[in-house]
Protein chains: 2
Amino acid sequence: MPRDATLEDVAKHAGVSLATASRVLNGSTRQVGRELRERVEHAATELGYTTNRAAQALARSASDILGLVVHDLSDPYFAVLANAVVRAADMHGLSVMVGTTFRDPEAEIGYVATLRAQRVRAIVLAGSRIDDAAMTERLRAELDRYRGTGGRAALIGQDLLGVDTVVPDNHAGAGELARSLAGLGHTRFAVLTGPATLLTAADRVAGFAEGLASLGLPAPLLFPGPFDRDGGYAAAQRLLAADTDVTCVFAVNDVMAVGALAALRDGGCEVPGRISVAGFDDIPTLRDLTPALTTVRLPLADMGRRAVALALGTVPIVAEPAETEVVLRESTRSLLEDA
Amino acid sequence: MPRDATLEDVAKHAGVSLATASRVLNGSTRQVGRELRERVEHAATELGYTTNRAAQALARSASDILGLVVHDLSDPYFAVLANAVVRAADMHGLSVMVGTTFRDPEAEIGYVATLRAQRVRAIVLAGSRIDDAAMTERLRAELDRYRGTGGRAALIGQDLLGVDTVVPDNHAGAGELARSLAGLGHTRFAVLTGPATLLTAADRVAGFAEGLASLGLPAPLLFPGPFDRDGGYAAAQRLLAADTDVTCVFAVNDVMAVGALAALRDGGCEVPGRISVAGFDDIPTLRDLTPALTTVRLPLADMGRRAVALALGTVPIVAEPAETEVVLRESTRSLLEDA
DNA sequence: TACGCTTCGGAAAGCGTTTCCCACGCTACG
DNA sequence: CGTAGCGTGGGAAACGCTTTCCGAAGCGTA
């Protein structure tokens with residue numbers, strides 16, 4: 001098995017020194033005379049030379065890898081985010097190394113350690129923090145270790161780790177959603193809250209509840225459960241079983257809302273005829289659902305891009321949260337026209 | 001800015017040689033005496049030492065990175081695949097570096113080159129090949145260069161590049177779908193074919209057409225277009241405008257089917273009342289659509305896993321294609337009960 | 001002709017690991 | 001008692017690149 005051509009091979013082949021070959025092939029500030037430059041380039045293509053990035057990273061002590069850690073790539077929320085991050089990294093000439101944690105904080109910490117070992121240029125951490133001080137502290141410690149030696153990091157989620165963060169305005173978005181739904185005449189709400197420990201979920205629940213309270217409406221009924229499609233399904237089933245006078249359900253994210261829609265449909269409950277449903281995120285992949293889902297739009301792709309910019313330090317730190325926007329669609333109906 | 005602790009720092013701190021420190025900290029076959037071992041371990045944690053993987057890769061001339069290239073991470077098809085690949089890689093102790101090509105063959109070749117430069121342990125290439133001999137040849141050449149120096153690669157798609165391939169049985173799956181739909185009494189079909197140059201699309205169209213032919217049914221009407229949601233939407237619009245007697249539409253993938261469903265709905269055409277719709281892939285994220293989509297299931301997660309196994313050479317090469325399964329749901333209705 | 005500049009090529013010292021090879025002290029054995 | 005063999009420790013040469021430093025050559029000017 002022939003080995004890869006090295007820079008030395010190229011230099012020999014071209015009859016120049018290692019230094020010259022390096023200068024020609026990998027961006028240096030120094031000029032190389034036309035004659036030698038062409039000899040080197042020719043030798044390189046002839047030998048099929050490709051820079052060994054690992055060696056390059058070692059010599060330069062700077063890698064061209066960006067680390068990304070998400071909870072679950074098959075969740076369209078993260079898929080869209082990851083997509084944007086990969087794209088943005090590409091624009092900066094960086095490759096992306098992804099890790100998935102499947103919502104295991106332990107795995108998340110482990111993955112940051114792996115990325116630190118790779119000496120990646122920057123780390124982007126996506127996904128909700130959880131309400132677990134010990135875990136948060138350990139993650140923070142790991143990140144601090146990384147940043148302590150020049151590593152850069154950015155977060156998408158709650159600003160809890162002392163690093164630059166793109167924070168989706170969950171609280172405000174949910175509040176606005178509450179007001180919009182109330183504007184349609186709804187007064188009795190249920191919330192499929194997701195896990196109590198997930199801060200993103202908690203923020204949305206709180207924002208929603210406060211929105212209602214600010215209008216003098218009664219507090220919503222809460223149905224906790226997992227943060228995914230099946231969690232939404234199960235929670236909605238429980239809602240149905242509870243036999244309430246709720247006219248509108250807020251699932252704290254779109255994939256849960258999809259599950260809820262399925263459960264209501266399976267339970268013979270018309271949406272929005274009998275119950276209206278709203279989600280959060282406005283996942284592009286889910287826009288063609290019927291009934292089309294009322295939701296709160298998050299600028300996912302933009303958030304990914306901004307996180308990369310923050311991580312790379314190409315942008316001044318702005319604490320300004322990612323703006324949300326309520327999008328009313330068919331899954332919620334107005335009760336007012338009944339009057 | 002303090003720099004990262006190196007193995008040498010650890011060795012000094014523990015009062016041992018570099019060799020010993022290395023043996024203790026990074027799996028060596030050689031034993032180190034208990035006393036020294038503990039001193040080294042202690043020093044390592046004290047200094048917060050983490051192996052520099054780039055240096056390690058250089059010294060060992062073997063990296064622990066797996067390269068993955070997909071067309072578009074935000075497409076749930078690739079998201080699910082990528083998820084499985086990341087998981088499988090993790091099991092083998094490898095990290096994954098992803099690249100997205102956005103269906104640009106040029107970018108695909110470029111990304112393989114990047115991965116070769118990283119000297120990744122193996123490359124998994126996902127996504128349909130295209131009908132472009134020159135491009136295919138160039139990609140093949142790039143892959144051969146990589147494999148020529150010990151690189152390993154696997155493909156998910158068409159077996160065209162001379163590397164181990166997980167090939168979804170598009171042809172047979174589509175054929176089976178055709179027979180199933182014919183079994184429901186349909187006789188006049190349209191196919192939203194996607195781009196003519198995409199082999200996956202072409203295989204499905206051909207398989208479907210042959211399935212119909214084998215039953216003596218007339219050839220389907222063909223509506224080409226892009227391979228994505230909007231492509232499906234546009235193609236379905238053209239179908240409507242054509243004002244045909246078609247009772248069943250086959251969109252060559254699920255996301256196109258979603259677009260088609262939307263177009264038909266927007267066009268006031270009932271599904272499955274007036275027209276039945278079927279897709280291909282059985283994307284999990286899309287299973288809660290209404291009407292639920294009849295489709296051909298592909299074992300996506302399994303395919304990802306198998307590709308990793310092939311790429312890592314942990315499994316003998318089996319040419320056996322990935323099995324498909326027709327899943328009839330509500331988006332297609334039986335015409336027989338009309339009789 | 002001599003001087004100082006500016007260019008440009010090459011030698012060599014890193015970058016942080018691994019690993020080959022040698023040395024040392026033991027035990028076991030003929 | 002000499003020696004073969006094993007278990008451990010360390011020195012030092014890789015691995016493939018970048019970059020600093022030096023020196024040589026070419027140029028224009030006085």
Side-chain angles (χ1 to χ4, degrees), chain A residues 1-41 43-44 47-65 116-121 149-150, chain B residues 1-41 43-44 47-65 116-121 149-150:
Chain A
M1 177 81 58
R3 47 172 198 64
D4 276 306
T6 72
L7 194 57
E8 188 173 6
D9 298 335
V10 174
K12 281 223 180 81
H13 199 76
V16 303
S17 76
L18 213 50
T20 303
S22 170
R23 293 198 262 257
V24 172
L25 296 176
N26 306 318
S28 151
T29 47
R30 291 242 336 227
Q31 284 290 329
V32 170
R34 178 187 162 99
E35 152 78 8
L36 290 199
R37 181 167 8 102
E38 287 180 350
R39 288 229 306 270
V40 170
E41 280 162 352
L47 299 180
Y49 172 76
T50 324
T51 307
N52 181 325
R53 301 262 181 202
Q56 194 171 59
L58 185 56
R60 294 218 248 248
S61 40
S63 88
D64 48 5
I65 305 182
R116 178 159 82 99
Q118 287 289 352
R119 305 293 192 271
V120 297
R121 175 100 118 247
T149 53
Chain B
M1 175 80 58
R3 47 173 199 66
D4 276 305
T6 72
L7 195 57
E8 188 174 4
D9 298 335
V10 174
K12 281 222 179 79
H13 198 77
V16 303
S17 77
L18 212 48
T20 302
S22 170
R23 292 197 265 254
V24 172
L25 296 176
N26 306 318
S28 152
T29 47
R30 291 243 337 226
Q31 283 291 330
V32 170
R34 179 189 161 99
E35 151 78 8
L36 291 198
R37 180 165 13 100
E38 288 178 351
R39 288 228 307 269
V40 170
E41 278 162 354
L47 298 180
Y49 172 76
T50 324
T51 306
N52 181 325
R53 301 259 181 204
Q56 194 171 57
L58 184 56
R60 293 219 248 248
S61 41
S63 88
D64 47 5
I65 305 182
R116 177 159 82 99
Q118 289 287 356
R119 305 293 193 270
V120 297
R121 175 101 117 245
T149 54

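A note on names: the letters A, B, ... follow the listed sequences, proteins ahead of strands, and every chain is numbered from 1.
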Salt bridge (Lys or Arg N to Asp or Glu O under 4.0 Å) partners of A:Arg39, counting only residues at least two apart: A:Glu35
Starting at atom CZ of B:Arg39, determine the distance to atom C1' of D:dG10, rounded to an integer number of angstrom. 13 Å
Partners meeting side-chain contact (heavy atoms from CB on, under 4.5 Å) with A:Arg119 (sequence neighbours left out): B:Asp4, B:Thr50, B:Asn52
Rounded to whole Å, how long is the line connecting atom CD of B:Gln31 with atom P of D:dG9? 9 Å
Quick one: is D:dC17 close enough that its OP1 or OP2 comes under 4.0 Å of any side-chain N or O from A:Asn26? no
Would you say that B:Leu25 contacts B:Val40 through its side chain, given a criterion of any heavy-atom pair below 4.5 Å between the two side chains? yes
Using the side-chain contact (heavy atoms from CB on, under 4.5 Å) criterion, which residues pair with A:Arg53? Sequence neighbours excluded. A:Gln56, A:Asp64, B:Ala117, B:Gln118
Axis bend over the full length of the helix from C:dT1-D:dA30 to C:dG30-D:dC1, computed from five pairs that close each end, to 10 degrees: 60°
Record whether the side chain of B:Arg30 comes under 3.5 Å of the base of D:dG9 through a donor-acceptor pair of N or O atoms. yes
Produce a footprint string for nucleotides 11-16 of chain D: one letter per nucleotide, 5' end first; B if the base is under 4.0 Å from any protein heavy atom, S if only the sugar-phosphate is, - if neither. B---BB
Gap between atoms CZ and C1', on B:Arg34 and D:dG9 respectively (whole Å): 18 Å
Closest heavy-atom contact between A:Ala55 and B:Leu58? CB-CD1, 3.8 Å
Working to the nearest 0.5 Å, report the span between CG of A:Asn26 and OG1 of A:Thr51. 3.5 Å
In short, A:Asp9 meets A:Thr6 closest at the heavy-atom pair OD2-N, 2.8 Å
Might you list the N or O atoms of the protein lying below 3.5 Å from N or O atoms in nucleotides 24-27 of chain C, with each pair's distance?
none

Tell me whether A:Glu38 is salt-bridged to A:Arg34, with the criterion being a basic N under 4.0 Å from an acidic carboxylate O. yes
Here the pair of heavy atoms bringing B:Tyr49 nearest to B:Leu7 is CE1-N, 3.4 Å
Partners meeting side chain to side chain donor-acceptor pair (under 3.5 Å) with A:Gln31 (sequence neighbours left out): none
State whether A:Thr20 places a side-chain N or O below 4.0 Å from either non-bridging phosphate oxygen (OP1 or OP2) of C:dG9. no
Solution key, residues 14-23 of chain B side-chain donor-acceptor pairs under 3.5 Å, sequence neighbours excluded:
| from | atom 1 | to | atom 2 | distance (Å) |
| --- | --- | --- | --- | --- |
| B:Ser17 | OG | B:Ala19 | N | 3.3 |
| B:Ser17 | OG | B:Thr20 | N | 3.2 |
| B:Ser17 | OG | B:Thr20 | OG1 | 3.1 |

